[in-house]
Amino acid sequence: MTNHSSPFRGLGSVHNFNAGPSILPKEVFEQASKAIIDFNGSGLSILEIGHRTPLFQAVMDEAVALVKELMQLDSEHEVLFLHGGASTQFFEVPMNLLNENEVAAYTDTGVWAMKAIKEAKQFGHVDIVCSAKDQNYTYLPKHFPVAKTSKYLHITTNETIGGCQWQDFAPFYEMGVPLVADMSSDILSRKMDFNKFDLIYAGAQKNMGAAGVNLVVLNKNCLGKVSRTIPMMLDYQKHIENGSMLNTPPVFAVYVCMLTLRWLKKTGGVDAIEKINNEKATLLYKTIDALPIFTPTVAKEDRSKMNVVFVMKDASLEKEFLDACKKENIVGVKGHRSVGGFRASLYNALPLSSVQLLCEVMKSFAEKNA
Ligand SMILES: *Cc1c(COP(=O)(O)O)cnc(C)c1O
């Protein structure tokens with residue numbers, strides 16, 4: 001029903017609700033593909049230039065500056081682009097922040113939190129301060145105590161698979177414990193006081209770029225407090241000293257991040273994208289709530305605005321619904337295998353028109369199957 005015009009075959013004609021890697025702005029794909037052929041008129045591809053050339057240094061510098069600007073970071077906070085995806089941060093964080101005899105507090109809110117917990121246990125003690133496992137991670141526990149002696153508190157701001165997203169951070173800010181957050185699937189999707197966090201990490205492939213790079217934002221004052229030897233490539237301090245270029249960085253992935261950050265700034269920054277994200281999520285949840293054949297799985301106050309998870313009362317209709325979506329060029333709404341049903345990911349680059357179309361398909365499917 002939408003009609004984007006693009007010189008690139010297919011771009012913009014598919015409504016992409018994939019959970020990750022996921023949709024990026026069309027203009028980012030166009031610019032990135034041009035840079036593979038001829039980067040900034042240099043006659044060289046971005047894939048064949050040295051990472052220590054002024055050409056690439058400018059990309060890294062702009063990416064870092066855009067993160068600082070969009071997140072309104074203070075001078076204590078450093079920005080790194082690292083290899084290994086968010087899963088590497090699951091162990092790199094405790095390796096750099098937690099001594100063997102110390103305790104870190106972790107919230108157990110879903111598949112991703114659980115993985116972070118498992119890795120942290122290899123480096124120190126883990127205190128699971130709350131868990132939503134009892135209800136299959138369909139809500140977020142509130143009002144749990146966290147010991148002031150905890151080295152840090154780790155939260156997952158948005159559980160990409162279960163579909164829960166923390167909405168109120170005030171209780172975390174007031175705990176008086178350094179705050180560490182996995183923001184892989186909602187980074188830069190909404191306003192937040194990012195300076196309140198000691199460490200934020202996010203795999204780029206959900207909301208800010210291509211797979212292969214990981215954004216780490218950290219308060220440099222939290223470093224230098226562990227006694228273990230840290231391998232060079234996993235040492236935040238060394239990465240800071242070397243401007244994320246201890247070795248060859250994932251050049252192209254950093255470039256795609258930079259382009260996406262440029263796009264976000266042009267769109268009006270985090271404030272503007274939050275308004276659009278709210279509009280998209282409100283419309284989709286309203287549609288689900290109004291149609292008895294669909295059931296949202298997550299407690300109302302904890303519903304994610306990035307990953308909308310829902311099931312069908314009559315599971316035998318699931319395939320037929322996915323076929324109806326496919327007919328309208330809607331892809332990526334099949335649920336994660338551990339939850340079933342459906343998951344529609346509404347990342348920054350997904351236009352409202354795609355959500356409107358999905359809602360239309362849901363309504364007419366519900367009418368037909370009433
Ligand atoms: C996708 C995801 C991860 C894992 O990211 P990788 O880059 O594949 O390691 C971790 N945490 C969250 C919240 C995610 O959504």
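Whatever order the structure lists ligands and atoms in, that order sets their numbers, starting from 1.
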Identify which one of Asp74, Val217, Asn219 satisfies the side-chain contact (heavy atoms from CB on, under 4.5 Å) criterion when paired with Asn195. Asp74
If we ignore angles and hydrogens, is there a donor and acceptor under 3.5 Å between the side chains of Glu92 and Asn96? no
Examine distances only and state if a side-chain atom of Lys280 and a backbone atom of Met306 form a donor-acceptor pair shorter than 3.5 Å. no
Shortest protein heavy-atom distance from atom 4 (C) of ligand 1, along with the residue and atom involved: Trp112 CZ3, 3.4 Å
Is it the case that one hydrophobic cluster holds both Leu188 and Ile273, taking links as side-chain heavy atoms less than 4.5 Å apart, direct or via other members? yes
Nearest neighbour of atom 9 (O) of ligand 1 from the list Ser185, Ala113, Ser87, Ala211, on a heavy-atom basis: Ser87
Considering only non-hydrogen protein atoms, determine which one is nearest to atom 5 (O) of ligand 1 and report residue, atom name and distance to 0.1 Å. Ala86 CB, 3.5 Å
Give me the one residue out of Phe197, Tyr152, Trp166 that meets ring-ring contact (aromatic ring centres under 6.0 Å, His included) with Phe172. Trp166
Tell me which protein heavy atom sits closest to atom 14 (C) of ligand 1, plus the residue, atom name and distance to 0.1 Å. Lys206 NZ, 2.9 Å
Looking only at protein heavy atoms, which one is nearest to atom 11 (N) of ligand 1, and what is the separation? Asp182 OD2, 2.6 Å
What is the nearest protein non-hydrogen atom to atom 15 (O) of ligand 1, stated with its residue, atom name and distance? Thr160 OG1, 2.4 Å
Heavy-atom contacts under 4.0 Å between Phe90 and ligand 1: side chain, backbone, both, or neither? side chain
Considering only the protein, which heavy-atom contact is closest to atom 7 (O) of ligand 1, and what is its distance? Gln205 NE2, 2.9 Å
With Tyr347 as partner, the option from Asn16, Asn207, Asn307 fulfilling side-chain hydrogen bond (donor to acceptor under 3.5 Å, both in side chains) is Asn307
Just to check, does Asn158 reach to within less than 4.0 Å of ligand 1 when the distance is taken from its heavy atoms? yes
Main-chain N/O of Ala116 paired with Glu119 side-chain donor or acceptor, under 3.5 Å: no
